[in-house]
Amino acid sequence: MPQRPLAALLSGLALTSLAGCATLVPHDDTAVASAKQSQQALAQATDCCDTLAALPYQPLVVGESQSLTLDTQAPMHRFEDGASYFQAFELPSTREPLTFKLTSTIANDQVFAPTVLILDEDFQPTQRVASDKFDYLSPNGFAGARLGATFDITPGPDAAYLVVYSNETARQGTTQYESAEKVYARVRGLALPPGPDPIAEHTATGNVTLESESRETGGGLLTPILGTRSHADSVTETRTATASDEQASSSSGDSDNASAPDFDYRRMINAALKADDIELAMQLAERAEREGHSGTRAWLAERLRSVSP
């Protein structure tokens with residue numbers, strides 16, 4: 001089934017009701033090596049380093065989103081739980097709590113199932129975020145189907161380095177995900193096509209996105225959205241904050257009603273966008289429009305257009 005271009009989707013955002021909707025995510029058809037080919041390449045690769053201390057670490061820049069390509073050009077090491085391509089980082093020495101969000105894209109019926117290894121200052125493992133801690137995330141906004149996990153780390157003597165890799169056990173698994181045709185039908189309110197959802201093989205290569213943020217400076221609405229609580233709790237808390245803002249604004253003068261609520265809605269929408277929750281941003285924009293803050297839909301559409309690929 002053909003997919004609508006981005007321009008049409010953004011136009012629809014400004015002209016139609018947004019409540020309960022999600023934008024369509026294009027399917028990634030980029031040619032990649034099959035799971036079998038990448039596993040064979042991994043088996044023939046040369047270990048880059050004798051020890052964990054010798055891994056090529058790069059400084060982690062907090063507040064930036066980093067795209068990690070785990071392919072046959074990436075360094076390979078034989079970890080205690082199996083060989084893997086990897087990316088390694090030196091954590092900052094600020095010792096401020098950090099929140100990490102790691103996602104791995106599902107493409108061409110395969111996905112890199114990550115494991116995150118935390119090392120102390122002597123390069124000894126102290127923590128591990130295993131691949132089974134990564135949840136399947138449905139297509140949402142401009143993010144496609146993916147595996148994802150959010151976790152907190154406080155850099156210090158016991159957490160000085162971070163390594164993203166996979167292991168033999170994870171590569172034996174699979175992930176069922178929603179097909180592009182079902183995504184399109186669900187977004188447009190059409191009957192879902194018949195047939196089972198596709199299965200993604202866990203492979204030795206893939207594309208991972210690593211985001212980090214200081215938990216102390218995140219603040220505002222971003223803390224409950226990106227914290228350790230569940231997504232459902234986050235949405236509930238954000239909507240409670242919206243209700244509180246409305247109650248406060250109703251007790252203010254007419255001049256306050258004309259300006260302050262507008263700022264609050266857009267602040268919450270910005271937080272939802274930063275948390276990659278397009279659906280929540282759209283619901284907030286629709287609610288703002290219903291309460292007389294015209295132009296919120298168009299403003300959100302422009303924000304989405306500016307960050308889209």
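Both backbone and side-chain heavy atoms feed into the values below; hydrogens, waters and symmetry mates do not. Numbers here simply count residues along the sequence, with the first being 1. Small disclaimer: the values here were computed from a predicted structure and weren't measured.
- Smallest separation of non-hydrogen atoms from Gln176 and Asp197: NE2-O, 3.5 Å.
- Under 3.5 Å, the side chains of Glu96 and Ser214 contain a donor-acceptor pair of N or O atoms.
- Ser38 and Thr205 make their closest contact through CB-OG1, 3.6 Å (heavy atoms, listed as atom of the first residue, atom of the second, distance).
- Residues Leu98 and Pro92 approach most closely at CD1-CG, 4.0 Å, considering heavy atoms.
- The distance from atom NE2 of His202 to atom OG of Ser131, rounded to the nearest 0.5 Å, is 7.5 Å.
- Taking the side chain as every heavy atom from C-beta outward, Glu121 and Pro157 approach each other to under 4.5 Å.
- Residue Gln39 places its CD atom among more than 12 non-hydrogen atoms of other residues, nucleotides or ligands, all under 6.0 Å distant.
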Take Asp158 and Thr126 through the test side-chain hydrogen bond (donor to acceptor under 3.5 Å, both in side chains) and record every step on the way to the result.
CA-CA 7 Å; Asp158 294 329; Thr126 57; over 6 Å; no
Working note: Leu300 + Met282, criterion side-chain contact (heavy atoms from CB on, under 4.5 Å); need CA distance, chi angles, decisive distance, verdict.
CA-CA 8 Å; Leu300 175 55; Met282 295 167 74; 4.1 Å; yes
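- Using a 4.5 Å heavy-atom cutoff, the side chains of Arg146 and Ser104 are not in contact.
- Two residues are said to be in side-chain contact when any heavy atoms from C-beta on lie closer than 4.5 Å; Phe134 and Pro114 meet this criterion.
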For a side-chain hydrogen bond (donor to acceptor under 3.5 Å, both in side chains) check, start with the C-alpha distance between Ser138 and Glu178, then their side-chain angles and the critical distance, and finish with the verdict.
CA-CA 7 Å; Ser138 299; Glu178 191 175 31; 4.7 Å; no
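- Checking Leu91, Leu162, Leu60 one by one against Ser212, the side-chain contact (heavy atoms from CB on, under 4.5 Å) holds for a single residue, Leu60.
- Qualifying side-chain hydrogen bond (donor to acceptor under 3.5 Å, both in side chains) partners for Asp47, counting only residues two or more places apart in sequence or in other chains: His77.
- In the hydrophobic clustering, Leu52 connects to Leu55, Tyr57, Phe79, Phe86, Leu117, Leu119, Phe123, Tyr161, Val163, Tyr165, either directly or through intervening members, whenever side-chain heavy atoms lie under 4.5 Å apart.
- Pairing each heavy atom of Thr209 with each of Ser65, the nearest pair is CG2-OG, 3.3 Å.
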Run the numbers on Phe100 and Ile153 for side-chain contact (heavy atoms from CB on, under 4.5 Å), then give the verdict.
CA-CA 8 Å; Phe100 289 84; Ile153 297 174; 3.9 Å; yes
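- Here the closest non-hydrogen pair linking Gln127 and Ala159 is NE2-CB, 4.3 Å.
- Taking both residues in full, the closest heavy atoms of Ala74 and Leu70 are given as CB-CA, 4.3 Å, listed atom of the first, atom of the second, then distance.
- For the pair Ile106/Tyr136, a side-chain contact is recorded, criterion being any heavy-atom separation below 4.5 Å from C-beta on.
- Residues satisfying the side-chain hydrogen bond (donor to acceptor under 3.5 Å, both in side chains) criterion with Gln44, sequence neighbours excluded, are absent altogether.
- When only modelled atom types and interatomic distance are considered, Asp152 and Thr99 share a side-chain donor-acceptor pair under 3.5 Å.
- Residues Ser166 and Arg171 have side chains that bring a donor and an acceptor to within less than 3.5 angstrom of each other.
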